Amino acid sequence: MTPLNRLQITWRAAQDIEDGEVVNLGIGLPVHCSDYLRPGVDVVIQAENGVIGAGPLAAHDKIDTDLVDAGSRRITLRPGASIVDSSWSFAMIRGGHIDVTILGAFEVAANGDLANWDMRIANRGPLVGGAMDLAACARAVWVIMEHVTRKGAPRLLERCALPLTAVRCVSRVYTDLAVVDVTPHGFLVREIVDGMSRDELQAKSGAPLAFAGDCKVLTAPPIALPE
Amino acid sequence: MTPLNRLQITWRAAQDIEDGEVVNLGIGLPVHCSDYLRPGVDVVIQAENGVIGAGPLAAHDKIDTDLVDAGSRRITLRPGASIVDSSWSFAMIRGGHIDVTILGAFEVAANGDLANWDMRIANRGPLVGGAMDLAACARAVWVIMEHVTRKGAPRLLERCALPLTAVRCVSRVYTDLAVVDVTPHGFLVREIVDGMSRDELQAKSGAPLAFAGDCKVLTAPPIALPE
Amino acid sequence: MPIDKRVASAAQSLEGVGDGATVFISGFGGAGFPNVLIRALRERGPKNLTLVVNSATHRYSLTHELIDANLVRKVICTAARGHTKDPSAFESRWMEGKIELECVPQGTFTERIRAAGAGIPAFFTPVGFGTELTAGKEVRRFGERDYVLEPAIAGDLALIRADTADRYGNLTFRYAQMNFGPVMATAAKLAVAEVRAFAEEPIPHAQVQLPGVYVDRAVAVS
Amino acid sequence: MPIDKRVASAAQSLEGVGDGATVFISGFGGAGFPNVLIRALRERGPKNLTLVVNSATHRYSLTHELIDANLVRKVICTAARGHTKDPSAFESRWMEGKIELECVPQGTFTERIRAAGAGIPAFFTPVGFGTELTAGKEVRRFGERDYVLEPAIAGDLALIRADTADRYGNLTFRYAQMNFGPVMATAAKLAVAEVRAFAEEPIPHAQVQLPGVYVDRAVAVS
């Protein structure tokens with residue numbers, strides 16, 4: 001049984017991005033999805049700070065401190081890019097103009113509730129940023145996360161225990177072990193890694209899993225994690 | 001007794017525009033105020049269609065059909081002008097960023113209520129445009145109108161009879177006979193044309209007039225009306 | 001496949017538009033009327049349209065052709081008065097009870113459209129309080145002023161006019177051509193721009209006045 | 001007198017700012033922080049400020065200096081977490097109960113500021129419904145969704161960063177420098193822009209990204 005590594009999860013999610021979509025990629029792991037789009041797929045990557053058409057990271061000698069994404073990364077613009085203010089950027093998000101957002105998460109509930117903004121870390125201030133806007137308003141909200149916590153506790157749950165980001169918003173979850181849709185009837189497994197039984201996956205999940213009739217093997221090409 | 005003509009009323013109102021103000025001038029007579037600013041007074045003229053810094057009418061050989069004001073007049077831009085969309089333009093108006101608007105009117109009430117948009121003309125559709133936005137939201141709303149209707153009925157009233165444009169919004173009225181402030185206690189005459197008695201002015205008004213202690217003579221230089 | 005929103009003809013740009021659509025039409029003060037698209041819509045001939053347009057009858061707009069062709073069921077506008085001595089095509093039908101009218105203050109008009117595009121179902125505004133145009137609407141006091149609750153206006157189709165479009169649908173506007181175009185594009189399921197000319201290269205980011213994200217199809221008309 | 005909003009120094013640009021002010025500070029993702037103005041505000045030293053800023057502690061911003069100097073009573077922000085292992089100046093004071101915090105989703109944050117500048121006292125948004133950040137707020141269903149009523153955030157002072165300003169206060173921004181700057185300028189009684197350089201000539205109309213109507217003072221900082 002070979003779980004996907006973090007970049008492989010990202011790769012897998014990126015395979016489902018369709019040609020021509022407007023995509024917002026969350027800070028952290030999700031931004032790497034742009035490296036793994038299927039050949040020929042052309043998308044517009046929207047960053048909350050107003051960059052409509054974010055390109056790859058800037059080369060070291062091409063850095064411009066005013067050209068950044070929502071994660072403060074120094075980026076480039078793709079052809080056809082434009083830049084709007086925050087008011088327009090979030091009007092775009094809230095207005096349903098983002099086809100897909102891919103976000104990290106702590107927990108996802110069987111009804112699609114998402115908890116990804118507040119881990120209740122002692123002695124640290126809250127940090128919500130644009131997470132609630134994206135989760136509540138993108139047309140499709142996909143989550144990338146490890147199937148269980150570092151301590152082995154499930155992240156797919158009947159109800160989220162951590163503070164919610166948005167209610168009933170997640171449509172699909174990509175983990176190191178499976179691809180899981182959130183349906184009106186709860187979690188539906190679309191893909192599962194080779195060598196893992198359905199019972200084993202269920203044991204690592206905190207809510208009932210159904211399995212698609214055509215449930216496939218979850219695979220990804222080898223991708224080395226950076227040191 | 002010499003009432004002001006229509007352009008002289010416009011001239012009189014323009015004398016009260018202060019240096020540096022953002023001004024919106026209503027369609028019809030008020031737009032002419034920009035021709036009569038005091039020497040040295042620099043203002044920004046905002047047009048509802050998004051022109052921020054409207055200049056004089058375009059010369060016949062300089063007309064550009066895309067450069068128009070809210071009254072479809074072919075205009076020019078003054079130095080420092082910019083152009084925004086209608087959403088920004090009305091956000092500017094509604095947000096209180098217009099220092100003064102000068103509007104035509106049918107009736108003004110002693111509490112500042114304004115009726116200037118609907119004369120209830122039989123068989124014609126309503127036309128409100130930006131009148132309600134300007135009347136409700138400019139920091140100061142000044143009115144230019146004849147003191148009485150063509151039939152001699154007063155336009156300064158206890159209550160407006162025609163449909164309201166906005167409640168309690170007018171602060172000053174310029175007529176052919178007087179300059180009248182709207183105060184918490186009702187109409188207060190600041191200026192009255194030479195040769196007209198207070199009683200005569202009162203007789204042409206539909207609400208009680210008070211007279212300022214320093215009530216002045218309303219005068220204007222000769223301005224010929226166009227044919 | 002590289003994004004390309006340019007289409008060959010106005011007729012093609014309206015593919016899929018059907019009866020009962022709510023249609024935004026840009027233009028104000030004589031600038032920004034998408035007259036080629038308006039005529040193409042008339043030729044396409046969908047019925048029972050709701051038009052959301054600043055003026056039901058402007059001398060520089062062809063909006064009246066849709067009304068003349070009896071394609072319009074309702075008009076939401078700020079100006080419903082014709083500019084000639086006789087009643088306009090709209091006014092005649094309105095008086096005969098054949099067309100419904102909703103007259104809206106212009107700032108409320110544009111903000112209601114913006115709201116739809118920005119995911120806001122309703123907002124409070126001071127404009128229109130105490131007037132017959134807001135009769136029956138919910139009123140609430142904030143601080144020392146009274147406000148009216150206004151709902152968003154969403155649409156099926158936006159017809160807008162711009163100066164140039166690139167393959168990504170990015171738009172530039174000339175002077176006062178912009179007016180309602182940007183917000184109308186944000187609030188419609190299908191946003192179509194007629195432009196003077198296509199830009200061969202992508203429009204430089206700082207010159208884009210409406211991001212192509214909001215534009216579904218663009219057609220060059222000259 | 002010809003309009004001229006350029007002032008000679010950052011200190012001069014803050015004349016009149018006093019205790020208890022609500023202060024907007026632009027900047028997001030590392031771009032658009034008005035650091036010269038922030039420092040000038042610290043040197044001026046008004047007390048009991050409410051800061052309205054995306055991040056209470058960003059590595060490229062000097063906002064923390066205002067907090068370190070104990071000038072701040074309350075912070076309204078979307079990110080209150082420091083970027084180092086140890087609690088930030090803000091976090092320490094917040095945990096000690098010395099600074100009040102209102103954490104707001106970023107789109108709601110910017111829309112509430114826009115609303116203040118646009119004359120809208122409150123609007124409904126779907127964002128935050130069912131979360132603790134909107135606990136106690138009025139909820140209403142429109143169609144098939146639940147929405148929360150959010151109030152405008154108005155301010156006394158906006159400190160924003162732009163690229164160039166002309167004498168009329170018109171601004172241009174470089175790349176992502178814009179972010180919250182425009183809406184913050186619209187919502188403050190006094191809007192001050194620090195710019196890289198003054199434009200000698202009026203900025204051409206199509207290049208203006210924020211009309212000077214919204215900018216009260218501009219100071220060049222390089």
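Keep in mind that this is a model prediction, so the values were computed, not measured.
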If you take all heavy atoms of [X] and [Y], which pair is closest and at what distance?
| X | Y | answer |
| --- | --- | --- |
| C/R81 | B/W117 | NH2-O, 4.4 Å |
| C/W94 | B/G125 | CZ3-CA, 3.5 Å |
| B/S87 | C/R114 | OG-CD, 3.7 Å |
| B/V68 | C/A176 | O-CB, 3.9 Å |
| B/R94 | C/T125 | CD-OG1, 3.3 Å |

Quick one: does [X]'s side chain get under 4.5 Å of [Y]'s, heavy atoms only?
| X | Y | answer |
| --- | --- | --- |
| C/R174 | B/D64 | yes |
| B/N123 | C/E91 | no |
| B/M132 | C/T131 | yes |
| C/L101 | B/P126 | yes |

Exercise for review: Evaluate whether atom NZ of C/K74 has more than 12 neighbouring non-hydrogen atoms of other residues, nucleotides or ligands under 6.0 angstrom away.
Suggested key: yes

To the nearest 0.5 Å, what is the distance between [atom1] ([X]) and [atom2] ([Y])?
| X | Y | atom1 | atom2 | result |
| --- | --- | --- | --- | --- |
| B/D133 | C/F109 | CG | CZ | 11.5 Å |
| B/N49 | C/Y175 | CG | OH | 13.5 Å |
| B/F90 | C/Q106 | CZ | CD | 3.5 Å |
| B/W88 | C/T110 | CH2 | OG1 | 13.0 Å |
| C/F180 | B/S89 | CZ | OG | 8.5 Å |
| B/D66 | C/D163 | CG | CG | 7.5 Å |

**Study point:** Verdict with supporting geometry, B/C137 and C/V127, side chain to side chain contact (heavy atoms under 4.5 Å, CB included)
**Key:** CA-CA 7 Å; B/C137 301; C/V127 177; 3.7 Å; yes

Which portion of [X] sits near chain B, non-hydrogen atoms under 4.5 angstrom:
| X | answer |
| --- | --- |
| C/R161 | neither |
| C/S55 | neither |
| C/Q177 | both |
| C/Y60 | side chain |

Practice item. Keeping the roles fixed (side chain from B/R124, backbone from C/G82), state whether a donor-acceptor pair exists under 3.5 Å. Key: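 Yes, B/R124 side chain to C/G82 backbone: donor-acceptor pair under 3.5 Å.
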
Review point. Sub-3.5 Å donor-acceptor pair from the side chain of C/N179 to the main-chain atoms of B/G50, do we have one?
Key: no

With a 4.5 angstrom heavy-atom cut-off, is it the side chain or the backbone of [X] that approaches chain C, or both, or neither?
| X | result |
| --- | --- |
| B/A166 | backbone |
| B/I93 | neither |
| B/S82 | neither |
| B/T65 | backbone |
| B/L134 | neither |
| B/I121 | side chain |

Point to revise | C/V104/B/V128 under side chain to side chain contact (heavy atoms under 4.5 Å, CB included): CA gap, chis, key distance, verdict | key: CA-CA 7 Å; C/V104 182; B/V128 67; over 6 Å; no

Review point. Do C/E132 and B/R120 meet the salt-bridge criterion of a basic N to acidic O distance under 4.0 Å?
Key: yes

Point to revise | Choice from C/G30, C/A31, C/G181 maximising heavy atom contacts with chain B below 4.5 Å | key: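 Counting heavy-atom pairs under 4.5 Å, the top option is C/A31.
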
Point to revise | Among C/H58, C/R59, C/H83, side chain to side chain donor-acceptor pair (under 3.5 Å) partner for B/S72 | key: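 The side chain to side chain donor-acceptor pair (under 3.5 Å) with B/S72 is passed solely by C/H58 among C/H58, C/R59, C/H83.
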
Counting only pairs under 3.5 Å, give me each side-chain donor-acceptor contact of residues 151-158 of chain B, with atom names and distances, residues two or more places apart or in other chains.
from, atom 1, to, atom 2, distance (Å)
B/R155, NE, B/E146, O, 3.1
B/R155, NE, B/V148, O, 3.3
B/R155, NH1, B/F106, O, 3.0

Exercise for review: Before giving the answer on side chain to side chain contact (heavy atoms under 4.5 Å, CB included), spell out for B/D85 and C/Q209 the whole-Å C-alpha distance, their side-chain angles and the decisive distance to 0.1 Å.
Suggested key: CA-CA 10 Å; B/D85 77 347; C/Q209 289 176 287; over 6 Å; no

